Structure formats: structure tokens, C-alpha cells
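What follows is a single structure, written as C-alpha cells, with notes after it.
The first residue of the sequence shown is numbered 1, and numbering continues consecutively from there. Source: prediction; values computed, not measured.
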Amino acid sequence: MNARSENFEFDLVILGGGASGLLVIDQLLDDPFFSTWNILLIEKEEKVTDDRTWCYWEAGEGRFDQLLTCEWKKALFKNEVEDKYFDLSPYTYKMLRSSAFYKRVYGRIRESSGVQVLYSEVMSVMDTSGGVEVQLSDRVIAAKKCLSSVRDLRFLKNIKKYPLLQQHFVGWFIEVRSPVFDEKCVTLMDFSVDQKGNTRFMYVLPVSKTEALVEYTLFSADLLEESEYEAEIMKYLDKAGITEYRIVEKEKGNIPMTAYPFHHKNSKNLMYIGTAGGWTKASTGYTFYNAMRKAKALKEFLKSSSDMRKFTNRTRFDLYDRIFLNVLFARNGLGQHLFSRMFIEGNPITMLKFLNNNTAIAEEFDIMAAMPTWLFLKNIIKPTS
């Protein structure tokens with residue numbers, strides 16, 4: 001792909017300047033192999049604000065540690081009857097706000113000679129067998145290869161073989177006058193809230209003793225009205241004795257949770273990345289850490305392959321995700337019970353290792369032994385139920 005062709009303006013076009021697109025560029029800029037590539041990033045508008053908050057757990061030093069807003073060494077898992085505090089070692093739970101990430105990568109792009117940025121809206125993208133054509137409102141871009149995080153995901157709702165759950169949430173960054181938060185401990189899941197037949201929990205990220213992100217999250221098939229999320233946050237704060245606070249910022253999101261094999265939609269010259277490419281961890285909705293690993297693997301893949309369809313990287317963890325999602329879709333009210341088995345009755349560090357796709361098979365058998373065997377066997381035998 002290093003050889004130039006008069007028929008192509010670019011060696012690689014990346015559609016979308018969110019986390020996945022920028023993570024790929026950040027990797028490519030590290031490697032001299034791509035120094036001769038002509039790369040174009042197409043985004044609707046320049047990204048500079050904190051429009052996203054990404055959290056992940058990681059062992060040791062990480063690529064973006066200098067950009068972190070906060071990190072925690074302790075965690076809390078809570079249900080209606082028990083609180084479990086635990087040391088996260090060897091992991092650290094990390095919070096990265098998007099503005100710092102955007103500043104870093106767009107800064108690297110400006111300093112590079114091989115990456116250009118074009119602010120425009122993508123109308124369509126087509127694999128022409130010899131390359132790709134990206135239709136913009138005012139021109140067509142011709143390139144050898146395309147990575148796209150732009151995709152209409154509504155088709156997922158109609159695929160019965162792979163049930164679709166949604167991780168949907170509303171969060172408030174709040175400030176209080178008196179110190180009420182333990183800034184050294186993150187609340188990963190607090191299931192003490194009313195479940196209402198779903199999987200519902202609070203997620204609390206204390207930035208200081210007086211500041212925190214408090215988020216009401218559901219794993220379910222259907223969304224709520226925004227007022228319902230906010231009413232639950234107010235109820236939760238009131239129950240905790242936090243009645244006087246200032247809402248500094250609000251965020252909301254909806255992440256598809258599905259085991260659908262997204263790589264089947266790739267073509268020879270076009271690959272979908274990020275959530276559009278199945279880079280979200282299906283059973284948890286976490287995306288950023290998965291995307292970091294995928295971006296690194298993709299960098300190596302691009303050195304040796306010209307067929308985007310070959311980048312699959314499917315593992316046994318994809319099967320585990322599919323089985324778990326089938327169970328949670330069929331019995332959505334069981335979420336509290338299942339996660340409690342994982343984090344309270346089991347070893348939470350092994351669970352975090354498992355959810356990062358890093359466990360050995362022996363450890364996975366221990367985790368399976370803690371689950372309701374009959375229910376999971378039923379969904380292995382009949383995965384479309």
C-alpha cells in the first residue's frame with residue numbers, strides 16, 4: 001500500500017474523529033511504517049469539548065495516564081443487602097475526559113505531515129472493489145482503504161439471533177459544600193435502587209470529597225424519558241443525605257450491547273471500527289479499553305494485509321458475551337443477582353480480569369461454576385432464545 005496510485009487521493013480515509021478513529025491515528029503516528037502514507041480524517045466538526053467520559057481499568061502504566069482526570073485504587077460493589085469494598089490491585093480504575101484526549105491526538109495530527117483533517121458530513125461510502133469512494137456533500141474522495149466509525153445501527157433491532165440490549169444512562173457532575181465523597185473509592189455498581197424488572201444501578205465516580213459524577217444506568221431493551229433518569233438520581237442523592245448540590249454538567253448516552261459479528265459487514269477495502277465495528281465489550285458496554293487494544297492490533301494488521309475482511313480476532317470471550325446477553329435479555333430482572341454472584345460471592349479481581357478478556361480457561365471454569373448452571377446451559381443449547 002505504500003506505492004502511490006494516480007487513481008487515489010489517499011492511502012487511507014478514516015470516517016469519524018471520535019475515540020476509535022483517533023485511537024487508530026494515534027497508533028499509526030507512532031510507527032515509521034506509515035510515515036509515507038497519505039491519510040485523511042473526515043469529521044463533521046472539530047472536537048474540543050468534554051462531550052465524552054471514558055472509564056476503564058488497567059494494570060500498570062497506561063498510554064494515556066498523563067491525561068487522566070482521576071484514578072482509583074479501591075472500588076465498591078453494592079446490592080440491596082450487602083456492600084463489598086475491595087482493593088483493585090493490580091488494576092487501577094481510570095477516568096479520561098474527552099477534551100484532553102482530543103487535544104493530544106489532534107495536536108499530533110497538526111504536527112504530522114501525513115495526516116490531514118477535513119470537516120465535512122459523509123453522505124455515503126462505497127467499496128469499488130479496487131478501492132473506496134466517500135461521497136461528501138460537495139465532492140467525492142477516492143482512497144485505497146477506509147475505516148469508518150459512521151454507521152446506522154438500527155439494523156441490530158431486527159436480528160433475532162443476536163438480541164440487542166442497550167446500556168443507557170444519564171449522569172450528573174455535581175458539587176456539594178460539605179465533604180461527603182470518598183475520593184479514593186469508585187462505586188462500580190450500586191444495585192440498591194429499585195430494579196423495576198430490569199438491570200438498573202448507580203455508578204459513582206468521586207473526583208474529590210465534594211465533586212462526583214453520579215450516573216443512573218440501565219441494561220435493558222428500552223429507553224426511558226430523560227426525566228425518569230433524573231428523578232432516580234435525585235432520589236438516590238436524597239437517600240444518601242445529599243440534598244444541597246450544584247449540577248455542574250450533565251451527560252447521557254446509549255451504547256448497544258450485542259454479540260452480533262460486526263466483521264461480517266466489512267468488505268475488502270472498507271472496515272467498520274469503534275461501536276460501529278463491534279469494538280464495544282458486548283457484556284458490559286465498555287468501549288475505550290477494547291478500542292485501545294483493537295487499534296494497536298489494527299496497526300499491525302495494516303502492515304501485512306490488504307483485505308479488511310480478515311481482521312476478525314474472534315475469541316471464546318465473544319461466545320461468553322453472547323450467552324450472557326441472551327440470559328440477560330430473556331431474564332432482564334436477573335442482572336442484580338448475576339452481577340452479585342460475580343462480585344460479592346466470587347473474586348472481583350478475577351471478574352475484572354475476565355471482563356478484560358484476560359483470564360485463563362481454569363479461571364473461567366471457576367466463574368461459570370458460580371453462575372446459575374441450568375440457565376446458562378439453556379442458552380448455550382438454544383442461543384437464540
Side-chain angles (χ1 to χ4, degrees), residues 1-31 33-47 105-106 108-109 112-156 260-280 287 290-292 294-313:
M1 284 181 62
N2 280 313
R4 286 284 190 268
S5 168
E6 293 180 358
N7 297 325
F8 297 106
E9 297 175 73
F10 298 96
D11 295 293
L12 178 67
V13 171
I14 299 175
L15 307 183
S20 58
L22 294 182
L23 283 168
V24 171
I25 290 175
D26 198 50
Q27 284 288 337
L28 299 185
L29 287 173
D30 277 355
D31 199 316
F33 180 89
F34 300 96
S35 62
T36 60
W37 281 34
N38 195 13
I39 300 171
L40 177 66
L41 170 67
I42 302 177
E43 176 56 84
K44 284 185 180 180
E45 57 189 9
E46 185 177 6
K47 289 180 175 287
V105 184
Y106 278 107
R108 295 193 72 192
I109 290 172
S112 75
S113 58
V115 182
Q116 302 176 49
V117 181
L118 175 63
Y119 297 110
S120 182
E121 185 170 0
V122 175
M123 310 304 291
S124 65
V125 57
M126 180 174 64
D127 191 319
T128 62
S129 74
V132 292
E133 289 185 355
V134 181
Q135 177 69 59
L136 306 179
S137 57
D138 60 346
R139 61 181 287 196
V140 175
I141 301 291
K144 294 179 180 178
K145 302 291 177 184
C146 178
L147 303 174
S148 177
S149 62
V150 179
R151 190 179 198 179
D152 186 344
L153 295 175
R154 286 178 292 184
F155 76 92
L156 293 171
Y260 176 79
F262 285 85
H263 64 278
H264 287 174
K265 294 290 187 179
N266 295 336
S267 59
K268 182 179 180 181
N269 301 303
L270 170 63
M271 179 193 300
Y272 290 99
I273 62 175
T275 299
W279 288 15
T280 295
T287 302
N290 244 23
M292 281 196 291
K294 293 279 191 180
K296 186 175 181 180
L298 180 54
K299 176 185 70 174
E300 298 304 319
F301 172 83
L302 289 173
K303 292 180 182 181
S304 59
S305 179
S306 61
D307 190 340
M308 299 297 209
R309 293 169 295 189
K310 295 181 180 179
F311 187 75
T312 56
N313 199 29

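- The heavy-atom pair separating L23 from A291 by the smallest distance is CD1-CB, 3.6 Å.
- Between K268 and D307 there is no salt bridge, since no side-chain N of the basic residue sits under 4.0 Å from a carboxylate O of the acidic one.
- Contacts of D152 classified as side chain to side chain donor-acceptor pair (under 3.5 Å), with partners at least two apart in sequence or in another chain: R154.
- Here K44 pairs with E121 under the side-chain contact (heavy atoms from CB on, under 4.5 Å) rule; sequence neighbours left out.
- With sequence neighbours left out, S149 forms a side chain to side chain donor-acceptor pair (under 3.5 Å) with no residue at all.
- N266 places a side-chain N or O within 3.5 Å of a backbone atom of Y272 that can act as its donor or acceptor partner.
- With salt bridges taken as basic N to acidic carboxylate O contacts below 4.0 Å, none links D30 and K296.
- Nearest approach of K310 to S305, heavy atoms of both residues: CD-OG, 4.0 Å.
- For the side-chain hydrogen bond (donor to acceptor under 3.5 Å, both in side chains) condition, the pairs that include at least one residue of residues 124-134, sequence neighbours left out, are D127-S267, D127-N269.
- Contact between T280 and N290 at its shortest, heavy atoms only, is C-ND2, 4.0 Å.
- By the side chain to side chain donor-acceptor pair (under 3.5 Å) test, Q116 is found to be paired with N38, residues two or more places apart in sequence or in another chain being considered.
- Each of I109, V117, V115 was scored for a side chain to side chain contact (heavy atoms under 4.5 Å, CB included) with I39, with one residue passing: V115.
- Taking all atoms of both residues into account, the shortest heavy-atom contact from F311 to K294 is CZ-O, 3.8 Å.
- Closest approach of L12 and C146 over heavy atoms only: CD1-N, 4.2 Å.
- The side chain to side chain donor-acceptor pair (under 3.5 Å) search around Q27 returns K299, not counting sequence neighbours.
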